[in-house]
Amino acid sequence: MRDQIVVKARRIYKALLTRKLEIECDGILYHFHKVPFKKVMNWLFVESSLLFKPEKPWGWPTHLQVEPTNLCNLKCLLCPVTEGLRRPKGHMDPDLFRRFIDEVGEYVFLIILWDWGEPFLNPDVYEMISYAKGRGLKLVSSTNGHIFTKPENAERVVESGLDTLIFAVDGITQETYERYRQKGELSTLLQGIRNVVKAKRTYHSQAPYINFRFIAMKHNEHEIPKLRDFAKSLGVDALTIKTLNPHCEFVQEEDKEFLPEEPFYQRFKYDTKGQRIRRTHNPCKALWNNPIIHWDGKISPCTYDPHDDYTVGDFASRRFKDIWWGSALRGLRRQFRRDYQKIDQCAWCSYAFEGGALSIETIAESHFFTSPSEI
């Protein structure tokens with residue numbers, strides 16, 4: 001705790017002095033300059049509260065995860081969308097998104113623009129990105145890439161100002177790619193990548209920073225030695241190899257088919273009986289700095305709630321302020337601090353086990369072909 005306080009104190013002092021901040025997300029470092037004093041102070045309060053985890057956060061969230069849609073055009077094994085979500089399907093209304101940004105935008109630094117579904121199936125997503133960029137926010141999103149086979153969509157994502165676009169690849173032959181991402185065509189995905197790269201060059205734009213994402217699994221780990229040259233040849237900015245996270249409470253037999261054999265590419269650390277090693281203290285920060293808003297306005301405490309089992313409020317009918325400091329979230333924070341294992345959602349999430357928390361743990365390798373320093 002003492003070391004954490006010292007590190008945070010140094011970051012806070014530097015931020016107050018320079019009005020500059022660096023925030024890491026999913027293995028990429030994002031740089032913020034000339035940050036308004038009000039936003040710096042809110043970040044200071046939030047970072048301080050993360051050490052003590054009070055029932056009522058000392059500030060507004062600094063990160064948001066927004067779900068533009070929960071519809072998807074592929075069927076990925078182990079994904080709750082493929083299995084069937086126990087909640088309505090649809091696209092986020094851009095008016096709801098704008099109202100959300102209007103309420104929290106002066107405090108937030110970074111928006112993670114996906115949850116469950118393919119974000120770019122929402123026809124209004126490009127306007128939503130542009131609106132958030134106009135408020136000085138940075139945005140990172142993820143895609144299966146198929147929608148960008150249409151050059152006009154590639155151009156629109158470049159024009160929107162999106163900061164980072166992750167292409168989920170997971171196989172460099174059709175055989176390995178479709179083993180996990182069923183209904184997907186590798187050639188279609190690769191054309192989508194090429195189209196976005198071409199659009200960036202046409203517009204002389206550094207954004208979006210293109211991250212070629214590869215989840216290491218048993219059937220594709222033999223392709224890892226070829227990945228760096230393969231990704232670089234496409235003109236992307238980075239390659240990141242991420243570990244697989246089975247989302248279920250216990251690893252089922254079908255999940256074991258996907259777990260890589262090389263321990264370096266396995267997400268979790270295991271005991272002698274092959275069981276994941278549980279953490280005594282769950283390091284999750286989401287309850288204090290990163291809520292989720294689903295497409296219909298439902299607020300969830302974290303991304304590991306695909307079915308809305310733990311909804312804490314509905315932004316469609318309430319102010320976010322009343323939800324963020326409301327009784328439902330206060331109760332969750334209180335229980336998390338006392339014993340996170342008594343909250344099912346928290347007891348079995350990735351963060352609850354050794355190796356499954358921060359990007360430094362879940363991303364096995366990163367290769368940068370262009371510098372992310374200007375993001």
Side-chain angles (χ1 to χ4, degrees), residues 1 8 38-39 41-68 70 80 85-88 90 92-93 95-112 114-116 137 247 249 279-352 357:
M1 174 70 78
K8 285 189 181 294
K38 182 178 182 179
K39 183 176 281 194
M41 291 302 297
N42 182 73
W43 172 83
L44 184 159
F45 292 136
V46 172
E47 287 295 302
S48 300
S49 70
L50 290 173
L51 294 171
F52 303 98
K53 294 183 167 57
E55 284 184 29
K56 299 179 71 172
W58 298 345
W60 294 74
T62 55
H63 298 58
L64 294 174
Q65 187 154 354
V66 177
E67 179 185 78
N70 62 353
L85 296 178
R86 298 190 303 271
R87 59 182 170 100
M92 178 173 283
D93 187 302
D95 288 337
L96 185 143
F97 179 82
R98 285 191 288 267
R99 186 164 64 85
F100 192 60
I101 297 302
D102 287 345
E103 183 174 353
V104 304
E106 60 185 329
Y107 303 102
V108 170
F109 285 86
L110 189 69
I111 290 181
I112 301 162
W114 78 82
D115 197 35
W116 301 103
L137 282 63
H247 71 274
E249 181 172 325
R279 298 180 191 271
T280 302
H281 301 288
N282 188 322
C284 182
K285 303 175 181 178
L287 290 170
W288 289 269
N289 78 339
N290 187 17
I292 313 296
I293 179 168
H294 284 159
W295 72 269
D296 55 358
K298 299 293 193 306
I299 304 293
S300 186
C302 90
T303 188
Y304 294 112
D305 185 23
H307 304 293
D308 270 351
D309 293 330
Y310 293 88
T311 298
V312 293
D314 187 351
F315 181 72
S317 58
R318 296 177 63 193
R319 295 182 306 172
F320 177 75
K321 177 181 179 180
D322 297 329
I323 299 171
W324 185 239
W325 280 283
S327 59
L329 266 174
R330 291 205 311 269
L332 272 176
R333 296 183 189 111
R334 181 168 60 248
Q335 183 58 61
F336 184 94
R337 183 173 178 177
R338 288 177 178 173
D339 184 357
Y340 79 87
Q341 294 188 48
K342 290 185 178 179
I343 306 173
D344 287 343
Q345 180 186 24
C346 302
W348 298 105
C349 85
S350 177
Y351 277 60

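Both backbone and side-chain heavy atoms feed into the values below; hydrogens, waters and symmetry mates do not. None of these values were measured; they are calculated from a predicted model.
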Could you tell me if the side chain of [Y] sits less than 4.5 Å from the side chain of [X], heavy atoms only?
X	Y	value
Thr303	Ile112	no
Asp309	Arg86	yes
Arg87	His294	yes
Lys38	Tyr107	yes
Gln65	Asn290	yes
Phe336	Pro301	no
Pro61	Val46	no
Arg98	Asp95	yes

How long is the straight-line distance from [atom2] of [Y] back to [atom1] of [X], given to the nearest 0.5 Å?
X	Y	atom1	atom2	answer
Asp115	Tyr304	CG	OH	10.5 Å
Glu103	Lys321	CD	NZ	8.5 Å
Asn282	Ile343	CG	CD1	9.0 Å
Phe320	Leu64	CZ	CG	6.5 Å
Ile323	Leu329	CD1	CG	8.5 Å
Phe100	Ile299	CZ	CD1	4.5 Å

| request: For side chain to side chain contact (heavy atoms under 4.5 Å, CB included), just list the numbers for Asp305 and Ile292, CA-CA rounded to whole Å, side-chain angles, deciding distance to a tenth of an Å, and then say yes or no. | output: CA-CA 9 Å; Asp305 185 23; Ile292 313 296; over 6 Å; no

Taking all non-hydrogen atoms of both residues into account, name the closest pair between [X] and [Y] and its distance.
X	Y	answer
Leu287	Leu332	CD1-O, 4.2 Å
Gly105	Lys39	O-NZ, 3.8 Å
Ile111	Val108	CG1-CG1, 4.4 Å

| Trp324 ring centre to Arg318 NZ or CZ under 6.0 Å, with the angle to the axis within 45°? | no

| Side chain of Gln341, backbone of Ala347: donor and acceptor closer than 3.5 Å? | no

| message | Would the distance check show the side chain of Arg333 and the main-chain N or O of Trp288 forming a donor-acceptor pair, the cut-off being under 3.5 Å? | response | no

Donor-acceptor pairs under 3.5 Å, side chain of residues 53-60 to any protein atom, not counting sequence neighbours: which ones?
from	atom 1	to	atom 2	distance (Å)
Lys53	NZ	Leu50	O	3.1
Glu55	OE1	Arg334	NH1	3.0
Glu55	OE2	Arg334	NH1	3.3

| request: Show your reasoning for whether salt bridge (charged side-chain N to carboxylate O under 4.0 Å, His left out) applies to Arg99 and Asp102. | output: CA-CA 5 Å; Arg99 186 164 64 85; Asp102 287 345; over 6 Å; no

| Non-neighbouring partners of Asp314 that pass side chain to side chain donor-acceptor pair (under 3.5 Å), sequence neighbours left out | none

